[in-house]
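Everything below concerns the one structure shown next.
Note that this is a predicted model, so its numbers are computed, not measured. So you know, we letter chains A, B, ... as the sequences are listed, proteins then strands, and number each from 1. The basis for the numbers below is simple: all heavy atoms, side chains too, and nothing from hydrogens, waters or symmetry mates.
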Amino acid sequence: MAKKDYWLMKCEPAAYSIDDLEKDKTTSWEGVRNYQARNIMRDEMKIGDGVLFYASNADPSGVSGVAKIVKEGYPDDKAWKKGHHYFDAKTDKQNPTWFQVDIGFVETFNDVVSLEELKANPALRDMMVTKRGSRLSVQPVSKQDFEIVVTMGRKK
DNA sequence: GCCAACGTTGGC
DNA sequence: GCCAACGTTGGC
């Protein structure tokens with residue numbers, strides 16, 4: 001079995017929150033329209049990988065819980081539903097541009113580990129999300145960083 | 001709601 | 001293939 005990897009996925013809680021995921025158990029991570037994020041979902045995410053569920057544009061923004069990959073990359077069919085919010089006229093069914101994965105609920109933190117706390121922890125200095133201007137909605141996270149954040153989330 | 005940072009598009 | 005204009009993200 002391949003090595004387990006770790007990721008961080010951003011979502012605005014107004015669109016989808018960790019509470020929604022807890023209720024739904026699993027969800028498809030559709031609508032990503034960024035090539036870097038697409039590549040990660042299509043090529044790199046494997047079943048069982050750990051995911052930090054990050055709430056962006058929230059109060060406060062931060063990691064609100066943990067999820068895991070339950071289905072590996074497959075074409076995002078919303079891309080060719082005309083009129084759909086995620087419709088992309090340039091994508092072709094034979095050769096899909098956009099991919100999604102499915103994630104499953106693991107746990108909700110008692111309190112959100114806020115971006116401020118992430119930035120304040122020197123051990124997380126190299127974590128992508130703490131860097132200024134980091135807008136990528138699907139990011140790789142190191143095993144150490146993943147475990148530090150989970151520990152922070154459970155502690156409270 | 002503002003606006004800086006970033007990604008993408010399109011004219012040349 | 002450059003780069004200005006534009007649209008989007010996301011912290012504040």
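A cation-pi arrangement is present between A:K71 and A:Y74, with the terminal nitrogen or guanidinium carbon under 6.0 Å from the aromatic centre and inside a 45° cone about the axis.
Checked for salt-bridge contact, A:R42 and A:E72 miss the test: no charged N lies under 4.0 Å from a carboxylate O. Ion pairing between a basic and an acidic side chain is recognised when a charged N comes within 4.0 Å of a carboxylate O; A:D77 and A:K81 show such pairing.
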Protein proximity profile, nucleotides 4-11 of chain C - base contact B, sugar-phosphate-only contact S, no contact -, cut-off 4.0 Å on heavy atoms: ---BBBBB
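Legend: residues meeting side chain to side chain donor-acceptor pair (under 3.5 Å) with A:S17, ordered by chain and number and at least two apart, are A:D20.
Hydrophobic clustering of Ile, Leu, Val, Met, Phe, Trp and Tyr side chains at less than 4.5 Å, counting indirect connections, unites A:V129 with A:V66.
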